[in-house]
Amino acid sequence: MNFETININQEGAILTVTINRPRKLNALSIKVLTEMKILLKTIREKNEFDIKGMILTGAGDKAFIAGADIKEMSQMNPREGENFGKLGQEVTTLFEALPIPIIACVNGYALGGGCEMAMACDFIYASQQAAFGQPEVSLGLIPGFGGCVRLLRFVGAGKAKELIYSGKIVGAVEAKEIGLVNRIFKTKTEMFEAAHEVLELMFTKSPIAISICKKVINAVDGENINDGLEIEKQGFRESFESPEKIEGVAAFLEKRKPVFNQSLIPTFQKRA
Ligand code: DAK
């Protein structure tokens with residue numbers, strides 16, 4: 001399979017998927033998400049690659065994924081924003097639905113949709129250079145690829161709220177302390193070696209048992225992810241309707257600080 005924005009490399013039963021837009025810090029464009037969706041659906045429906053495990057990573061030394069593509073989002077109306085969010089949620093849901101272990105190897109910025117993509121994998125390994133955050137509120141947005149739901153599951157409500165409300169970026173050590181990251185490595189090479197090693201260990205166990213463990217853990221962790229995702233989708237659309245999204249996104253593109261209306265009290269209205 002040939003893709004423009006992702007690279008795939010199979011070694012034995014392990015498929016490494018690399019988001020390959022290093023000059024844009026591997027930001028998730030519609031193209032990246034569409035190609036990811038095609039790949040994951042092909043693996044799920046055909047198991048064409050005959051793999052037992054997967055690694056997700058980003059090209060270059062600076063970023064795993066620096067988030068959804070802000071430039072593309074700046075052109076989207078609320079309806080297009082909703083469709084974009086749906087596509088992102090489909091990709092993250094496909095990761096969880098694949099009945100094999102998937103490790104996110106984070107080698108730099110994992111921000112916004114990037115952090116969400118890492119959390120949709122089974123667990124996260126990080127290099128010392130890794131940095132994590134959900135900075136969407138700086139753009140007048142909310143995490144929309146499952147971030148509110150999955151960060152809560154990884155680190156608990158208090159830490160999730162602190163990170164999401166502040167948009168703060170934390171390094172690998174703090175990310176490990178709060179339970180977002182399983183292990184930290186000095187170099188990228190060590191990280192990938194360890195990921196291969198643990199996957200090879202898993203391959204000596206029952207693949208069916210592992211797939212059932214994955215299904216059960218994902219199903220019982222929290223109550224019902226679909227309800228949570230539905231609410232998040234509505235909230236995301238709402239943020240797309242807000243003038244603060246226009247200001248936040250414009251400020252990023254114009255390389256300046258955003259000016260938000262502090263007196264505005266936002267309301268969250270559930271859609272029918
Ligand atoms: N999107 C597009 N381009 C990006 C980008 C992004 N997220 N992040 C970086 N880039 C681009 C920069 O614009 C720059 O491009 P040029 O200006 O060279 O053309 C290039 O990558 C290098 O970035 P910088 O020059 O900014 O590099 P620095 O080292 O100075 O800064 C940084 C690195 C990671 C701190 C900075 O780039 C940064 O703050 N990036 C944005 C991080 C961010 O805010 N990420 C969250 C994005 S919002 C949805 C659901 C979810 C989402 C969207 C929709 N639906 C439900 C609809 C998700 C939202 C997000 O992820």
Side-chain angles (χ1 to χ4, degrees), residues 5 19-34 36-37 58-93 95 104 106-120 129-151 163-172 225-226 228-242 244-258 260 268 271:
T5 60
I19 312 288
N20 190 24
R21 295 183 77 205
R23 273 181 295 175
K24 295 291 173 191
L25 305 189
N26 304 318
L28 298 171
S29 58
I30 294 173
K31 181 96 186 165
V32 173
L33 291 172
T34 305
M36 290 287 290
K37 182 176 157 184
D61 290 324
K62 214 171 157 185
F64 171 72
I65 299 167
D69 191 311
I70 301 173
K71 197 167 183 186
E72 265 190 13
M73 281 196 297
S74 71
Q75 309 297 320
M76 291 176 195
N77 63 33
R79 165 63 64 188
E80 290 165 334
E82 191 176 359
N83 290 338
F84 183 56
K86 187 165 165 271
L87 179 62
Q89 287 191 351
E90 276 171 351
V91 172
T92 50
T93 302
F95 272 116
V106 176
N107 46 305
Y109 290 112
L111 303 179
C115 190
E116 292 168 309
M117 206 56 88
M119 291 188 292
Q129 290 73 36
F132 299 81
Q134 297 288 161
E136 284 88 346
V137 292
S138 315
L139 299 166
L141 295 170
I142 75 159
F145 292 159
C148 297
V149 182
R150 292 195 182 91
L151 190 59
L163 282 179
I164 290 172
Y165 298 176
S166 68
K168 196 172 98 173
I169 296 175
V170 298
I225 192 162
N226 289 330
L229 288 172
E230 185 52 37
I231 293 167
E232 187 176 81
K233 200 160 65 191
Q234 290 170 10
F236 192 89
R237 191 199 151 105
E238 203 145 314
S239 71
F240 248 84
E241 288 168 344
S242 130
E244 294 191 347
K245 174 257 174 185
I246 295 168
E247 166 60 10
V249 166
F252 174 82
L253 295 175
E254 291 159 19
K255 300 186 187 296
R256 62 173 173 81
K257 280 198 187 316
F260 294 134
F268 182 82
R271 258 157 224 289

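Along the sequence shown, residues carry numbers from 1. Numbering of ligands and ligand atoms starts at 1, following listing order.
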TODO: Could you tell me whether the side chain of Pro143 reaches within less than 4.5 Å of the side chain of Leu151, counting heavy atoms only?
DONE: no
Open item on the list: Give me the nearest non-hydrogen protein atom to atom 16 (P) of ligand 1 as residue plus atom name, then the distance to 0.1 Å.
Closed with: Lys24 NZ, 3.5 Å
Open item on the list: Using a 4.0 Å cut-off to any heavy atom of Gly144, which atoms of ligand 1 qualify?
Closed with: 50 (C), 51 (C), 56 (C)
TODO: Could you walk me through whether Phe236 and Glu136 pass side-chain contact (heavy atoms from CB on, under 4.5 Å), step by step?
DONE: CA-CA 10 Å; Phe236 192 89; Glu136 284 88 346; 5.5 Å; no
Open item on the list: Please list, in number order, the atoms of ligand 1 under 4.0 Å from a heavy atom of Gly67.
Closed with: 61 (O)
TODO: Could you check atom 7 (N) of ligand 1 against the protein and tell me its nearest heavy-atom contact, residue, atom and distance included?
DONE: Ala68 O, 2.9 Å
Open item on the list: Test of understanding: given a 4.0 Å heavy-atom threshold, classify the contact between Ile169 and ligand 1 as side chain, backbone, both, or neither.
Closed with: neither
TODO: Please identify which atoms of ligand 1 are closer than 4.0 Å to at least one heavy atom of Asp69.
DONE: 1 (N), 2 (C)
TODO: Name the closest protein heavy atom to atom 44 (O) of ligand 1, giving the residue it belongs to and the distance to 0.1 Å.
DONE: Pro135 CG, 3.6 Å
TODO: Using non-hydrogen atoms of the residue, decide whether Leu141 is closer than 4.0 angstrom to ligand 1.
DONE: no
Open item on the list: As a check for students: among Ile65, Thr92, Leu139, identify the option with a heavy atom nearest to atom 47 (C) of ligand 1.
Closed with: Leu139
Open item on the list: Can you report which non-hydrogen protein atom sits closest to atom 9 (C) of ligand 1, along with the distance?
Closed with: Leu25 CD1, 3.8 Å
- [ ] Look at atom 2 (C) of ligand 1 and say which protein heavy atom is nearest, naming residue and atom and giving the distance to 0.1 Å.
- [x] Ile70 N, 3.4 Å
Task: Contact partition for Ala27 relative to ligand 1, non-hydrogen atoms under 4.0 Å - done: side chain
- [ ] Would you indicate whether the side-chain heavy atoms of Met76 and Glu82 approach each other to under 4.5 Å?
- [x] no
TODO: Would you indicate whether the side-chain heavy atoms of Met117 and Val91 approach each other to under 4.5 Å?
DONE: yes
Task: Protein contact of atom 45 (N) of ligand 1 - nearest heavy atom, named by residue and atom, plus distance - done: Ala66 O, 2.9 Å
Task: Atom indices of ligand 1, in the order listed, that fall short of 4.0 Å to a heavy atom of Lys62 - done: 27 (O), 28 (P), 29 (O)
Open item on the list: Assess whether a salt bridge exists between Arg256 and Glu247, defined as any Lys/Arg side-chain N lying under 4.0 Å from an Asp/Glu carboxylate O.
Closed with: yes
- [ ] Mind checking whether Tyr109 contacts ligand 1 via backbone (N, CA, C, O), side chain (CB onward), both or neither, at a 4.0 Å heavy-atom cut-off?
- [x] side chain
Open item on the list: Counting only heavy atoms closer than 4.0 Å, does ligand 1 sit against the backbone of Lys255, its side chain, both, or neither?
Closed with: side chain
Open item on the list: Only heavy atoms of Gly81, strictly under 4.0 Å: list the atoms of ligand 1 that pass.
Closed with: 55 (N), 57 (C)
Task: Side chain proximity check, Asn26 to Phe64, heavy atoms < 4.5 angstrom - done: no
Task: atom 14 (C) of ligand 1 touched by protein heavy atom at under 4.0 Å - done: no
TODO: Could you see which bit of Gln89 sits under 4.0 Å from ligand 1, with heavy atoms only: side chain, backbone, both or neither?
DONE: neither
Open item on the list: Using a 4.0 Å cutoff against the non-hydrogen atoms of Gly113, which atoms of ligand 1 qualify?
Closed with: 60 (C), 61 (O)
Open item on the list: Is atom 31 (O) of ligand 1 near the protein, in the sense that some protein heavy atom lies at less than 4.0 Å from it?
Closed with: no
Open item on the list: List ligand 1 atoms under 4.0 Å from Arg23, heavy atoms only on the residue side.
Closed with: 20 (C), 21 (O)
TODO: Among all protein heavy atoms, pick out the one at the shortest distance from atom 40 (N) of ligand 1; state its residue, atom name and that distance to 0.1 Å.
DONE: Phe252 CE1, 3.6 Å
- [ ] For the residue pair Arg150 and Thr92, establish whether any side-chain heavy-atom pair is separated by less than 4.5 Å.
- [x] yes
